[in-house]
Amino acid sequence: ANQVAHRLVALGVQPDDRVAICADRGTAMLVAILGVWKSGGGYVPLDPGYPLDRLAYMLSDSRPKAVVTTAAELASLPMLSASGLPVVVAD
């Protein structure tokens with residue numbers, strides 16, 4: 001969680017900035033949530049099971065500063081890397 005927090009701060013996340021988390025429930029999600037909290041940001045949960053157009057809308061509507069995800073989700077959701085947002089892989 002500390003490594004995620006340090007990476008987010010290095011990317012410019014400041015207190016009250018939003019960070020999207022796209023991960024299944026489990027250890028990676030917990031690490032991502034704690035990392036976002038330690039960086040001072042607030043998290044926007046994105047369920048990887050949602051349709052791609054819904055995830056794209058949630059990303060554009062919430063305007064997060066960065067996205068924290070897992071390698072598996074990053075590979076299965078190409079719109080995360082195509083969004084132009086910095087992506088932190090939590091696993």
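For the numbers below, each heavy atom of this structure counts, side chains included, while hydrogens, waters and symmetry mates do not. For reference, positions follow the sequence shown, starting with 1.
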Below 4.5 Å, heavy atoms only, C-beta onward: do V19 and V44 meet side chain to side chain?
no
Cluster question for you: counting only ILVMFWY and a side-chain heavy-atom cut-off of under 4.5 Å, with indirect links fine, are L74 and L8 together?
no
Sorted by chain and residue number, the side-chain contact (heavy atoms from CB on, under 4.5 Å) partners of A20 (sequence neighbours excluded) come out as L46, L59, P64, V67
Is it possible for you to say whether V9 and V68 belong to one hydrophobic cluster, with membership spreading through side-chain heavy-atom contacts below 4.5 Å?
no
Test side-chain contact (heavy atoms from CB on, under 4.5 Å) applied to P15 - qualifying residues, sequence neighbours left out:
none
Say you draw a straight line from CG of L85 to CE of M79; how long is it, rounded to the nearest 0.5 Å?
9.5 Å
Pairwise side-chain contact, V4 with V36, heavy-atom cut-off 4.5 Å (strictly under)
no
Enumerate, atom names and distances included, each donor-acceptor pair closer than 3.5 Å involving a side-chain atom of residues 21-32, sequence neighbours excluded.
none

Non-neighbouring partners of A71 that pass side-chain contact (heavy atoms from CB on, under 4.5 Å), sequence neighbours left out
V89, D91
Is there any salt bridge (Lys or Arg N to Asp or Glu O under 4.0 Å) pair reaching into residues 62-88, and which pairs are they, with sequence neighbours excluded?
D17-K65
What pairs with Y57 under side-chain contact (heavy atoms from CB on, under 4.5 Å), at least two apart in sequence or on another chain?
S60, D61
Just wondering, more than 12 heavy atoms not from R7 lying within 6.0 Å of its CZ?
no
Which pairs, with at least one residue in residues 29-46 and sequence neighbours excluded, count as a side chain to side chain donor-acceptor pair (under 3.5 Å)?
N2-K38
